Amino acid sequence: ADSSDDDVELPTIRHQPEGLEQLLARTKFTKMELQSLYRGFKNECPSGLVDEETFTLIYSRFFPQGDASSYAHFLFDAFDADHNGALCFQDFAMGLSVLLRGTEQQKLKWTFDLYDVNKDGYITKEVTLGDTGGLVGWGHPDRNLPAPCVPQDMLEIMKSIYAMMGCCSEPTLGARAPAQHVELFFQKMDRDRDGVVTFEEFLATCQE
């Protein structure tokens, strides 16, 4: 009997969302829009919290032709503002507010943060490890980072996008396509040619 009581009690544990008034002040949604978003969120996530696995399953429904798991990881990290490993309705609503209703600069900052995978304030591309483990073609401001910390923000993002698109890519792209895309990105964005893209460079190029 005790175990059955426990089974009944566990599902009643719910994450309590931030008050409607606070979300109205912190987002650019109306009261009706927030209520509608919340109903949809609760329908998918009755507990009020979404872990990365659940987020990936939901997001992957939109890209059945490819593997969206890697890109979903980066997207989840971008929405998870406090980096606690779970999305609550506040995280979801505030991220969506920036993407849909934010200023141009706010949207670009959100996108930059998505590309800045290791959150060091720079978008980096893949670097090559020499035979001895030394860093070759190192462009990161902290040149003394050990080999396991090699940043490769942009290449990982591009690989995840191409994997997500899968067979929808026309024409079919080769294995080198993500790296070529990264090179084009850096040719355009890396204005001082130091091997990394700052938010200032990213913003200036996008606003041209």
Side-chain angles (χ1 to χ4, degrees), residues 14-66 68-124 153-154 156-158 160-165 168 181 184-185 188-189 191 197-208:
R14 296 286 184 266
H15 176 79
Q16 293 300 314
E18 189 172 304
L20 185 60
E21 293 302 319
Q22 289 97 319
L23 280 176
L24 279 169
R26 298 176 69 184
T27 69
K28 295 186 178 180
F29 293 123
T30 66
K31 182 177 180 179
M32 287 185 64
E33 287 172 333
L34 282 171
Q35 289 172 333
S36 178
L37 283 171
Y38 185 63
R39 282 193 295 270
F41 185 87
K42 287 286 284 185
N43 186 55
E44 291 286 353
C45 316
S47 70
L49 289 172
V50 186
D51 60 17
E52 186 173 336
E53 182 179 359
T54 303
F55 181 86
T56 300
L57 288 172
I58 295 170
Y59 190 74
S60 294
R61 295 176 194 166
F62 299 100
F63 299 93
Q65 74 284 350
S69 57
S70 291
Y71 190 74
H73 165 74
F74 297 126
L75 203 57
F76 179 88
D77 196 46
F79 272 101
D80 184 15
D82 51 8
H83 303 295
N84 65 352
L87 298 185
C88 61
F89 180 67
Q90 296 94 288
D91 295 328
F92 176 70
M94 291 175 65
L96 211 56
S97 176
V98 170
L99 292 174
L100 297 179
R101 305 279 170 82
T103 64
E104 181 183 27
Q105 184 162 338
Q106 287 172 332
K107 291 176 182 178
L108 288 173
K109 182 63 169 70
W110 196 95
T111 304
F112 180 88
D113 290 343
L114 172 68
Y115 290 164
D116 177 16
V117 174
N118 59 1
K119 310 306 176 195
D120 62 354
Y122 303 93
I123 298 175
T124 55
D153 300 341
M154 202 62 203
E156 291 306 310
I157 288 281
M158 282 301 157
S160 71
I161 291 173
Y162 278 89
M164 179 173 64
M165 298 310 295
C168 279
H181 199 131
L184 290 173
F185 175 91
K188 187 172 184 179
M189 297 278 182
R191 296 184 164 216
V197 174
T198 64
F199 176 64
E200 290 72 24
E201 289 175 314
F202 184 79
L203 182 65
T205 305
C206 290
Q207 290 183 327
E208 286 181 344

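Keep in mind that this is a model prediction, so the values were computed, not measured.
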Note to self: Minimum heavy-atom separation for M165 and Q65, please, with both atom names.
What the structure shows: O-CG, 3.2 Å
Note to self: According to side chain to side chain contact (heavy atoms under 4.5 Å, CB included), who are the partners of E104, at least two apart in sequence or on a separate chain?
What the structure shows: L108, Q207
Next item on the list: Would you give the length of the straight line joining atom CZ of F55 to atom SG of C45, rounded to the nearest 0.5 angstrom?
Entry: 10.0 Å
Next item on the list: To the nearest 0.5 angstrom, please state how far the OG atom of S160 sits from the CG atom of L75.
Entry: 9.5 Å
Checklist line | Sidechain N-carboxylate O distance under 4.0 Å for K188, E208 | finding: no
Margin query: To the nearest 0.5 Å, what is the distance between CG on L114 and CZ on F74?
Written below: 8.5 Å
Item checked: Over all atoms of both residues, closest heavy-atom pair of I123 and Y115 -> CD1-CB, 3.6 Å
Item checked: Smallest separation among heavy atoms of M164 and A68, with atom names -> CG-CB, 3.8 Å
Margin query: Please check: side-chain N/O of E201 versus main-chain N/O of R191, any donor-acceptor pairing under 3.5 Å?
Written below: yes
Next item on the list: Locate the shortest heavy-atom distance separating R101 from E33; write the atom from each residue and the value.
Entry: NH2-OE2, 2.8 Å
Notebook entry, point to check: Looking only at atom types and distance, does a side-chain atom of D91 sit under 3.5 Å from a main-chain N or O of D80, one as donor and one as acceptor?
Noted result: no
Next item on the list: Verify the neighbour count for atom CD of Q35: are there more than 12 heavy atoms of other residues, nucleotides or ligands below 6.0 Å?
Entry: yes
Notebook entry, point to check: Any side-chain heavy atom of T54 within less than 4.5 Å of one from L49?
Noted result: no
Item checked: side chain to side chain contact (heavy atoms under 4.5 Å, CB included) evaluation trace for T198 with Y122 -> CA-CA 5 Å; T198 64; Y122 303 93; 3.9 Å; yes
Margin query: If you define the side chain from C-beta out and look only at heavy atoms, does anything of F92 sit under 4.5 Å from V50?
Written below: no
Margin query: Pair T124, V117 - check side chain to side chain contact (heavy atoms under 4.5 Å, CB included), show working.
Written below: CA-CA 9 Å; T124 55; V117 174; over 6 Å; no
Check: Is the closest side-chain heavy-atom distance between L23 and F89 below 4.5 Å?
Finding: yes
Check: Nearest 0.5 Å, what's the CD1-OG distance between I157 and S70?
Finding: 9.5 Å
Checklist line | C206 to M189 - nearest heavy-atom pair and separation | finding: SG-CE, 3.7 Å
Next item on the list: Please check if the side chain of S36 supplies one atom and the backbone of M32 the other of a donor-acceptor pair under 3.5 Å.
Entry: no
Next item on the list: Would you give the length of the straight line joining atom OG1 of T103 to atom NZ of K109, rounded to the nearest 0.5 angstrom?
Entry: 12.0 Å
Check: If you take all heavy atoms of G121 and D116, which pair is closest and at what distance?
Finding: N-OD2, 2.8 Å
Next item on the list: Can you spot which of F79, F199, F202 makes a ring-ring contact (aromatic ring centres under 6.0 Å, His included) with W110?
Entry: F79
Side chains of residues 56-64: which donor-acceptor partners sit under 3.5 Å, not counting sequence neighbours?
| unit_1 | atom_1 | unit_2 | atom_2 | d |
| --- | --- | --- | --- | --- |
| T56 | OG1 | E52 | O | 2.9 |
| S60 | OG | T56 | O | 2.7 |
| R61 | NH1 | E44 | OE2 | 3.2 |

Note to self: If I take atom OH from residue Y38 and atom CZ from residue F29, how far apart are they, to the nearest 0.5 angstrom?
What the structure shows: 16.0 Å
Item checked: Side-chain (K119) to main-chain (D113) donor-acceptor, under 3.5 angstrom -> yes
